[in-house]
Amino acid sequence: MKFAILGSGAVGGYYGAKLARAGHDVTFVARGAHLAAIREHGLQIRSPMLGDFVVRAAAEEDTARVGPADVVVVAVKAYDNETALPRLRPMMRESTTVLTLQNGVDSAREVAAQVGEAAVIGGPTYIATALSAPGVIEQTGTHRRIVFGEVFGALPRMTDRVRSIHEALAGADIQAEAVDDGRVPIWEKFIFLVSLAGFTGAARLPIGPVWADPVVRAQFLEGCREVERVARAEGVPVAQDIIQRIAADVIDRIAAYVAAIPGTMRSSLLIDLSQGKRIEVEALQGAVVRRAAQAGVPAPIMSTLYAVLKPWAHPRA
């Protein structure tokens, strides 16, 4: 299959490299020093647990030079959508599928505004990677999971294109899971991610000390419940035990951290905030607040986190 990767950083670049290594025709859309490094040296993946490798594949800044693809993977940060998503159009033909892996629940509709609902599928990804230098992606651990499916039209349903893309991803050593309603895994990740990003960002602390305080922990989970109520108000059938599973998952992870390096995990929002970069507050807490207001669902915790983080949406001196 011919893949184009819109957003060839830590996440998109990693998955594109795995696909290229498996023999697919991959073009990376990048810019600046990262683009130059990919062209000159290839895209390097450093993964202590899965093995290092380098792929040499096409890389372009101008999507008109990429041409139509079978699948376009959207992996840019959500705050870049206004300028990034119009760049999808030159890579489209009637049969092109756009797979969005962006954080948040607004991505699919924002992508569809550019290319039409019929082209779009989506889902969350679970991976720990970082762009350590131009042309170099470092992976921590072994997670490389994508859960995806149709997000528009009559749901649930499994389609041939989802099956085909799943086959390509799985064949590239990506832990892919095809589902018949892509909205569900998107929202289930979102329910946890918005609290994780919000509380660690507002506290300027990793998850360990945030979770260790029983008062904060209770509000963290209540924040998850606020997001869950918004999901149900919108008709998304998230799992009935999602909050219990979130709590158990976090407790298990914190226990593992205590046995090794206590509570060091930081959300990507906290990392970006600490580095003076833009943060995805509008795609996370902002999206909850807007959707809750539209649905008539109270969201006091998310509203407070949004107000605390919103002034930092853009880099500051």
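Cation-pi geometry between Arg21 and Phe53 is met: under 6.0 angstrom from the ring centre, within 45 degrees of the axis.
Ser47 OG to Met49 CE: the interatomic distance, rounded to the nearest 0.5 Å, is 8.0 Å. Arg204 contributes atom CZ, which lies 14.0 Å from atom CZ of Phe199 (distance to the nearest 0.5 angstrom).
A side chain to side chain donor-acceptor pair (under 3.5 Å) check over residues 113-123, counting only residues at least two apart or in different chains, returns the pairs Arg89-Gln114, Arg109-Glu117.
With a 4.5 Å cut-off on side-chain heavy atoms, Trp187 and Val230 count as touching. By the 4.5 Å heavy-atom criterion applied to side chains, Pro206 and Thr200 are not counted as neighbours.
A search for salt bridge (Lys or Arg N to Asp or Glu O under 4.0 Å) contacts involving Glu61 returns nothing, not counting sequence neighbours.
A salt bridge is defined here as a Lys NZ or Arg NE, NH1 or NH2 lying under 4.0 Å from an Asp or Glu carboxylate O, and Arg229 with Glu222 meets this definition. Under a 4.0 Å N-O distance rule, the pair Arg232/Glu228 qualifies as a salt bridge. Using a cut-off of 4.0 Å between Lys/Arg side-chain N and Asp/Glu carboxylate O, Asp180 and Arg157 are scored as not salt-bridged. Salt bridge absent: Arg183 and Glu234 never bring a charged side-chain N and a carboxylate O closer than 4.0 Å. For the pair Asp106 and Arg291, the salt-bridge criterion is met [side-chain N within less than 4.0 Å of a carboxylate O]. Salt bridge status for Arg278 with Asp272: absent, with no side-chain N to carboxylate O gap under 4.0 Å.
Pairing each heavy atom of Ala168 with each of Leu19, the nearest pair is O-CD2, 3.9 Å.
The salt bridge (charged side-chain N to carboxylate O under 4.0 Å, His left out) test with Asp70 singles out one residue from Arg93, Lys2, Arg161, and that residue is Arg93.
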